[in-house]
Participant: 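Got a structure here, written out as structure tokens. Questions coming.
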Amino acid sequence: MTMTVPAPDDHIAKRNVLILVLAQAFLGAQMPMIFIVGGLAGQSLATNPCLATLPISLIVAGSMLSATPISAIMQRYGRRAGFAIGATGGALGGLIGGYGLYLGSFPVFLVGSALTGIYMSAQGFYRFAAADTASDSFRPKAISYVMAGGLLSAIVGPQLVKATSDAFVIPFLGTYLAVIAVNVLGVGLFALLRIPRPPAPKEDAPIGRSRWELLKTPTIAVAVICAMVSYALMNLVMTSTPLAVVGCGFSQNTAADVVTSHVLAMYVPSFFTGHLIARFGVEKVVGAGLVILAGAGAVALQGVDLGNFFIALILLGVGWNFGFIGATTMLAGAHEAHERGRMQGLNDLLVFGGVTVASVASGGLMNCSGGNPVEGWAAVNMAMAPFLVLAGGALIWLVLKPKSATA
């Protein structure tokens with residue numbers, strides 16, 4: 001007589017995924033908004049064109065510095081508290097950024113950008129929150145569905161930029177006021193989450209591995225490397241895209257359309273990325289992501305026609321999706337629940353540290369490494385190669401390593 005194993009009950013997990021999808025869609029709209037106008041606004045305020053993308057760099061730096069504290073807050077007080085803090089940071093960032101535009105002050109604008117990073121950091125934990133109450137079989141799909149919530153943000157964000165960027169005499173001021181409204185209106189979604197607060201550790205509870213011990217685990221090390229490379233290279237190219245599109249003679253609205261296509265490509269695959277991981281294995285999906293990222297760079301280097309921009313940025317989005325969701329899934333299954341706050345905070349600290357470096361480098365490569373926008377754009381895309389080799393080599397090493405040695 002064969003016994004059937006009952007299917008796991010993911011009722012609560014599916015409810016939480018729905019709430020997080022809505023949060024990703026609505027509150028997440030502020031990120032494409034800021035990434036479209038941040039470099040252009042920085043270029044109008046900065047005295048040195050090499051610093052045009054510094055506002056975006058500070059958003060990512062703020063996210064990097066916030067990752068560990070927000071993770072610790074979530075571990076102690078629950079996900080809802082951390083997400084509410086993130087929305088508050090986003091609203092303050094929009095307020096101070098808008099005030100910097102009003103004053104024409106680049107330093108004040110940079111302060112607002114740094115505070116926006118608090119929201120970006122909290123948003124990064126949506127994917128982990130989706131996994132908290134999910135069964136092993138539903139976990140990759142839960143992560144993937146939450147990332148898919150960015151699909152609506154990819155549409156709403158750029159359209160809000162078109163509607164608000166010239167709404168006032170001061171360019172982009174209306175966009176930053178819209179960012180404030182998005183955070184204020186969206187924060188109430190988190191009250192609907194049903195994720196238990198982590199229990200206080202007992203005296204005999206396992207302490208778990210140290211951060212260094214966690215990083216020495218092969219699966220965790222490769223997951224972090226692939227997440228860093230996927231996210232950093234996506235940011236490197238996306239940050240320079242509005243500058244390159246406008247610099248090559250196209251309009252600001254055209255730049256917004258290119259970014260829209262890119263963000264759609266980041267999130268549309270999320271509807272089936274989890275299924276691909278379940279069917280083919282996480283390593284193959286991450287590897288496919290790295291190959292597609294390389295293809296994006298190759299297309300961008302072929303020319304600066306509008307078709308090149310669209311195709312390169314679409315490939316960039318798909319490559320990021322496979323690489324980053326795959327790496328997140330790999331990481332989520334490689335540590336214990338009591339190690340969650342420590343490992344997830346460390347992961348996002350390292351990931352956004354890499355993204356910070358990439359966003360700083362993006363402006364320098366784009367505006368200061370060549371005599372014109374075409375040469376700068378080529379430099380941005382050529383810079384992808386060594387990091388793709390690093391991540392690809394690490395992934396191949398993990399696949400070839402005996403399974404008993406990867407745990």
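No hydrogens, no waters, no symmetry mates; every other heavy atom, side chains included, goes into these values.
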Participant: May I ask you to check whether over 12 heavy atoms, not counting those of Phe250, lie within 6.0 Å of atom CZ?
Facilitator: yes
Participant: Say you draw a straight line from CG of Leu395 to CD of Glu283; how long is it, rounded to the nearest 0.5 Å?
Facilitator: 6.5 Å
Participant: Answer yes or no: is there a donor N or O on one side and an acceptor on the other, between the side chain of Thr356 and the main chain of Phe352, under 3.5 Å?
Facilitator: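 Between the backbone of Phe352 and the side chain of Thr356 there is a qualifying donor-acceptor contact (under 3.5 Å).
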Participant: Mark yes or no for whether Ser121, through its side chain, and Ile118, through its backbone, hold a donor-acceptor pair below 3.5 Å.
Facilitator: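 The answer is no, because no donor-acceptor pair under 3.5 Å joins these two groups.
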Participant: Would a distance-only check, ignoring hydrogens and angles, find a side-chain to backbone donor-acceptor pair under 3.5 Å from Asn16 to Arg194?
Facilitator: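 It does hold such a pair.
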Participant: State whether the side chain of Ser144 and the backbone N or O of Pro140 hold a donor-acceptor pair below 3.5 Å, judged by distance alone.
Facilitator: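 Looks like no, no N/O pair under 3.5 Å.
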Participant: Parallel, tilted or perpendicular, judged at 30° and 60°: which one describes the rings of Phe190 and Tyr126?
Facilitator: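 Rings of Phe190 and Tyr126: tilted, as their planes differ by 30° to 60°.
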Participant: Under 3.5 Å, side chain of Asp305 to main-chain N/O of Gly307, donor-acceptor pair present?
Facilitator: no
Participant: Return yes if some donor-acceptor pair links the side-chain N/O of Ser165 with the main-chain N/O of Val161 below 3.5 Å, else return no.
Facilitator: yes
Participant: Considering only heavy atoms from C-beta outward, does the side chain of Ser230 approach that of Leu290 to under 4.5 Å?
Facilitator: yes
Participant: Indicate the ring-plane relationship of Phe309 and Trp377, choosing parallel, tilted or perpendicular according to the 30° and 60° boundaries.
Facilitator: tilted
Participant: side-chain contact (heavy atoms from CB on, under 4.5 Å), that's the test. Do Lys14 and Phe138 meet it? Break it down for me.
Facilitator: CA-CA 9 Å; Lys14 290 177 180 178; Phe138 184 59; 3.7 Å; yes
Participant: Ring centroid separation for Phe109 and Tyr176, is it under 6.0 angstrom?
Facilitator: yes
Participant: Is there a salt bridge (charged side-chain N to carboxylate O under 4.0 Å, His left out) between Lys162 and Asp257 once you walk through the steps?
Facilitator: CA-CA 10 Å; Lys162 290 182 180 181; Asp257 289 337; 2.6 Å; yes
Participant: Where the side chain of Thr217 meets the backbone of Leu214, is there a donor-acceptor pair that is under 3.5 Å apart?
Facilitator: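 Such a contact is found between Thr217 side chain and Leu214 backbone.
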Participant: Is it the case that the side chain of Asp10 and the backbone of Ser135 share a donor-acceptor pair, with hydrogens and angles ignored and the cut-off at 3.5 Å?
Facilitator: yes
Participant: Could you walk me through whether Thr175 and Thr164 pass the side chain to side chain donor-acceptor pair (under 3.5 Å) check?
Facilitator: CA-CA 5 Å; Thr175 301; Thr164 60; 2.9 Å; yes
Participant: Take Arg127 and Phe324 through the test side-chain contact (heavy atoms from CB on, under 4.5 Å) and record every step on the way to the result.
Facilitator: CA-CA 11 Å; Arg127 68 195 197 277; Phe324 190 63; 3.5 Å; yes
Participant: Should we count CZ of Phe125 as having more than 12 external heavy atoms under 6.0 Å?
Facilitator: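 Result for CZ/Phe125: enclosed.
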Participant: Does Gln30 reach the main-chain N or O of Leu27 with its side chain, forming a donor-acceptor pair under 3.5 Å?
Facilitator: yes
Participant: Does Ser240 use its side chain to pair, donor to acceptor, with the backbone of Ser362 at less than 3.5 Å?
Facilitator: yes
